[in-house]
Structures are given as structure tokens and as C-alpha cells.
Amino acid sequence: MKSFAPIFLALISSLVISSCSNGSRPETERMPVDTIGFAQYSWQVDSVLTRIGRMQPEKLAIASEALEGTTPLRVAISPHDDYSYVGYLYPALLQHVRSDVVILFGVGHKARNFGLEDRIVFGSYARWKSPGGTVKISDLQASLQKWLPEDMFVVHDSLQTVEHSLEALIPFLEYYNPGTEIIPIIVPYMSFERMEAIAGALATAVRETMGKARLSWGKGWSVVISTDAVHYGNEEWGGNNYDRFGVDSAGYALAVSYEEDIMNSMLCGELSPEKIKAFSSCTVQESDYHEYKWTWCGRYAVPLGLLTAYRIAELENAPLNGIAAGYSTSIANPPIPVSDLGMGVTAPAKLTHWVGYAAVGYR
């Protein structure tokens, strides 16, 4: 949930060239929508990573070491806020994603604008513009779609064009594994029961597709789920108040403690449907699944991505274990300076308006 006043013109430009129908369009390359919070050139990525290493060395080392292992991550949950705010959690987590193909589960921040819900959303692009040039959309995306019932997905380039939650990750995935290919999936509003149904079908589609391609989980393919954690405060949230514990330093501490409990009790340890359901129940209103209970923008992307991964792990008799790289917020650390790089921030960071970041890896 970001403020897009600084990049309004870029958004309008993207909308103008985007098809609002079912995804048919002459353009084959998806262009970035957020060129303020995220890097669009390789030299920006290099500079941001250098500054993270210089300004946050201890936190980067601790978070990176938490995920050290002999194999790449099979699943990762990553923040997607401004690089200046998230800082060390990006490289600490995403350096451990090294697969040839990454299935991305993103947030549908603007799904309501297009009336999209109850189906996952693909695009028809052949590639995404990236700091290194372009990142290819895997040809395996078509196979996944063939395996899925038609009422479970839609191809809709307009939503893929304006959604920033996945493009945040591309520069880091590309940096650590040049040549990686992606399958971007956006998850809009849906009930937990609908997520369970789609996850079951998608798990079969992924397993069959990757098996036929002879790609192993972790090295050949992986899952990365994009979400920012709580959006907290009582100012500049579109007239909404998300201030359950108050907006002083004591309230901040209570909110962070609550957040860390969500991460450690529901997302870490051996993955189970019960934990995933607990996360959904914690973040989504029981009476109306369109509404927040606790403001994680990934309240659909996280459960659907994890349910899909759990079903695949169950079929392969290879349980997934979640390990926290760390938890941070937009006011936990001094921002990484980026203005001289032609970048910036897209929202304020203060006690009355802050965002949480959870980073978790699964093997």
C-alpha cells in the first residue's frame, strides 16, 4: 500500500498503453510502474546494495546467516516497499533464491478498479523490463494455464501493468541469478475456501509442468511471495485509521511485537494448513473477505502461495520449514540514501504512518 503521487504520470502512461480487456495487446514487454522506490538501472542496484552493506552490515549479516543452507530456498516471502526503507532484508532473503524459474505471487492492489476477484491473474507479456535489460516470462506459464480450470484464472495485462508488488523483486532476483525467468501471478480478493480450491489445482499444474520440464524444486524452480506486512498509523492512509495499539512509541512496540508473533507462529516452523488458515483469519475479516482485519496487503497472496507450496510438498513427501530472515519497519532504521541515484520514497515514514516488513525463507 504505497502513495503514488510521485509516480502518477508514469502510472497514467502505463494505463494508456495497456489493454483493459482480457490481456490481448501488441506490446510484449512490461515496463516498470514505480521508478522512484525501486531501481530501474543496474548501476542503481549496485549502488543500493553497496550502501546497504555499508550502513546495515550487522543486520544484513545476521539475516543472511539465518537462511544459510546447502540448498537454495524453495519458497520465500519478501517485502516490496521502497528500497530505501526495506534495506537489508532484500539481499538477505533474495540472495538465497537461485532457481532457473521463479513463480511469483503478487498483491492485487488495484484489483478492485478492474472488478477482479476469485481468480488468479496472469499476463500475456513475453518479458519484463529490468535493470539488466529484460527478464523473460517462462514458456512454462502457458503449461500452467492449460492445467488450470478456466474459472480459476484470467489473463489481464492492465492489472499486471499497474501492479508494483512484483517488479520490486525483479532487480534482486536478476542480480543474484542472471538469466532467471519468471511466471508472475497476481492474487486479488478471494475467500480462504476459494484459495484452497485454486491452490489444489495450481499445485497439480506446477508439479506436472515442472516435472515434465525436469526442473527440481529449489534449483530448477521456486516460489517467491510478495507482501508488505502491517500498514500502521492514523495519518495519510486514505482517511483510514490503522492504529490498534496507538501511535506513540509504546503503541509502536506493541504493534511490532504483534507482527513478530504473526511471523514466528504462523509463517515459521513446519508449514501446515492450520498455520496458513490462522494467518488468513488474522488478516481478513470473517464477515467479508474483501476487508482487512490486520492490514497486510498480502492477505491473499501469502495464503494462496503457501497453500500451493504446501500441497506440492505434501505430494512429494517433503515438508516445508519456514525460517525468519528478520522483521523490520519503515521507521526501524535510517533510510538508505538514494536521492542522488534518481530514486526516492513513495510514502512517509513516521509513528503515525509506517509499514512492516517480514522476510521468511522455506526449505
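Position 1 is the first residue of the sequence, and the numbers go up from there. This is a predicted model, so every value here is computed, not measured.
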Review point. So, is the end of the Arg244 side chain (NZ or CZ) under 6.0 Å from the ring centre of Tyr258 and within 45° of the ring's axis?
Key: yes
Check your understanding: Of all residues at least two apart in sequence or in a different chain, which pass the side-chain contact (heavy atoms from CB on, under 4.5 Å) check with Asp340?
Key -> Arg51
Practice item. For Thr352, check side-chain contact (heavy atoms from CB on, under 4.5 Å) against everything at least two apart and list the hits. Key: Asn234, Glu235, Val247, Lys350
Check your understanding: Got a sec, which pairs hit side chain to side chain donor-acceptor pair (under 3.5 Å) with one end in residues 88-105, sequence neighbours left out?
Key -> Ser64-Gln95, Ser99-Ser222
Check your understanding: Which side chain to side chain donor-acceptor pair (under 3.5 Å) pairs, counting each pair once, include a residue from residues 166-179, with sequence neighbours left out?
Key -> Arg30-Glu167, Ser130-Glu174
What are the two closest non-hydrogen atoms of [X] and [Y], and how far apart are they?
| X | Y | value |
| --- | --- | --- |
| Leu166 | Leu104 | CD2-CB, 3.7 Å |
| Thr329 | Tyr327 | CG2-CE2, 3.6 Å |
| Leu351 | Tyr252 | CD2-CB, 3.7 Å |
| Leu60 | Ala92 | CD1-N, 3.9 Å |
| Gly298 | Pro303 | O-CD, 3.7 Å |
| Val45 | Pro171 | CG2-CB, 3.8 Å |

Practice item. Show your reasoning for whether side-chain contact (heavy atoms from CB on, under 4.5 Å) applies to Lys275 and Leu267. Key: CA-CA 7 Å; Lys275 287 183 176 181; Leu267 303 179; over 6 Å; no
Point to revise | Residues Ser328, Asn333; criterion side chain to side chain donor-acceptor pair (under 3.5 Å); working and verdict | key: CA-CA 8 Å; Ser328 186; Asn333 305 292; 3.2 Å; yes
What's the spacing between [X] [atom1] and [Y] [atom2] if we round to 0.5 Å?
| X | Y | atom1 | atom2 | value |
| --- | --- | --- | --- | --- |
| Arg119 | Leu116 | CZ | CG | 7.0 Å |
| Ile170 | Thr134 | CD1 | OG1 | 11.0 Å |
| Asp81 | Leu89 | CG | CG | 11.5 Å |
| Leu215 | Thr209 | CG | OG1 | 10.0 Å |
| Arg127 | Ile182 | CZ | CD1 | 12.5 Å |
| Ile186 | Lys110 | CD1 | NZ | 11.5 Å |

Closer than 3.5 angstrom, by distance alone: can the side chain of [X] be matched with the main-chain N or O of [Y] as a donor-acceptor pair?
| X | Y | answer |
| --- | --- | --- |
| Glu163 | Gln160 | no |
| Tyr125 | Met31 | no |
| Ser165 | Val107 | yes |
| Asp288 | His290 | yes |
| Ser281 | Lys277 | yes |
| Tyr232 | Gly246 | yes |
| Arg363 | Leu67 | yes |
| Ser84 | Ile336 | yes |
| Asp34 | Ile36 | yes |
| His231 | Ala229 | yes |

Study note, to complete from the structure: The salt bridge (Lys or Arg N to Asp or Glu O under 4.0 Å) partners of Asp261 (sequence neighbours excluded) come to none
Exercise for review: List the steps, then state whether side-chain contact (heavy atoms from CB on, under 4.5 Å) holds for Met343 with Val48.
Suggested key: CA-CA 10 Å; Met343 299 171 61; Val48 167; 4.3 Å; yes
Check your understanding: Which of parallel (below 30°), tilted (30 to 60°) and perpendicular (above 60°) describes Trp294 and Phe245?
Key -> perpendicular
Practice item. Could you label the plane-to-plane angle of the His164 and His109 rings as parallel, tilted or perpendicular, counting under 30° as parallel and over 60° as perpendicular? Key: parallel
Measuring only between side-chain heavy atoms, which start at C-beta, is [X] closer than 4.5 Å to [Y]?
| X | Y | answer |
| --- | --- | --- |
| Phe38 | Phe172 | no |
| Lys293 | Thr283 | no |
| Val224 | Ile103 | no |
| Ile198 | Met190 | yes |
| Pro149 | Met152 | yes |
| His156 | Leu159 | yes |
| Trp237 | Thr295 | no |
| Phe105 | Thr227 | no |

Review point. Taking only residues two or more places apart in sequence, or in another chain, which ones meet Trp217 in a ring pair (Phe, Tyr, Trp, His ring centres under 6.0 Å)?
Key: Trp221
Exercise for review: For side-chain contact (heavy atoms from CB on, under 4.5 Å), just list the numbers for Leu306 and Tyr362, CA-CA rounded to whole Å, side-chain angles, deciding distance to a tenth of an Å, and then say yes or no.
Suggested key: CA-CA 10 Å; Leu306 291 181; Tyr362 296 81; 3.9 Å; yes
Exercise for review: Flag yes if Trp147 and Ile183 sit in one hydrophobic cluster, no otherwise; membership is Ile, Leu, Val, Met, Phe, Trp, Tyr, and two members link when side-chain heavy atoms are under 4.5 Å apart.
Suggested key: no
Exercise for review: Could you go through the side chain to side chain donor-acceptor pair (under 3.5 Å) check for Ser280 and Tyr300 one step at a time?
Suggested key: CA-CA 8 Å; Ser280 181; Tyr300 311 110; over 6 Å; no
Point to revise | Close aromatic pair by centroid cut-off 6.0 Å: Phe192 and Tyr289 | key: no
Review point. Between Ser287 and Gln285, does a side chain to side chain donor-acceptor pair (under 3.5 Å) hold up when you go through it step by step?
Key: CA-CA 5 Å; Ser287 58; Gln285 292 284 358; 4.6 Å; no
Review point. Is the shortest side-chain N to carboxylate O distance from Glu316 to Arg207 below 4.0 Å?
Key: yes
Review point. Is there a side-chain contact (heavy atoms from CB on, under 4.5 Å) between Trp354 and Tyr85 once you walk through the steps?
Key: CA-CA 10 Å; Trp354 57 272; Tyr85 291 151; over 6 Å; no
**Study point:** Distance-only side-chain donor-acceptor flag, Asp118 / Tyr189, under 3.5 Å
**Key:** no
Review point. For atom CD of Glu58, is the number of surrounding heavy atoms from other residues, nucleotides or ligands below 6.0 Å larger than 12?
Key: no
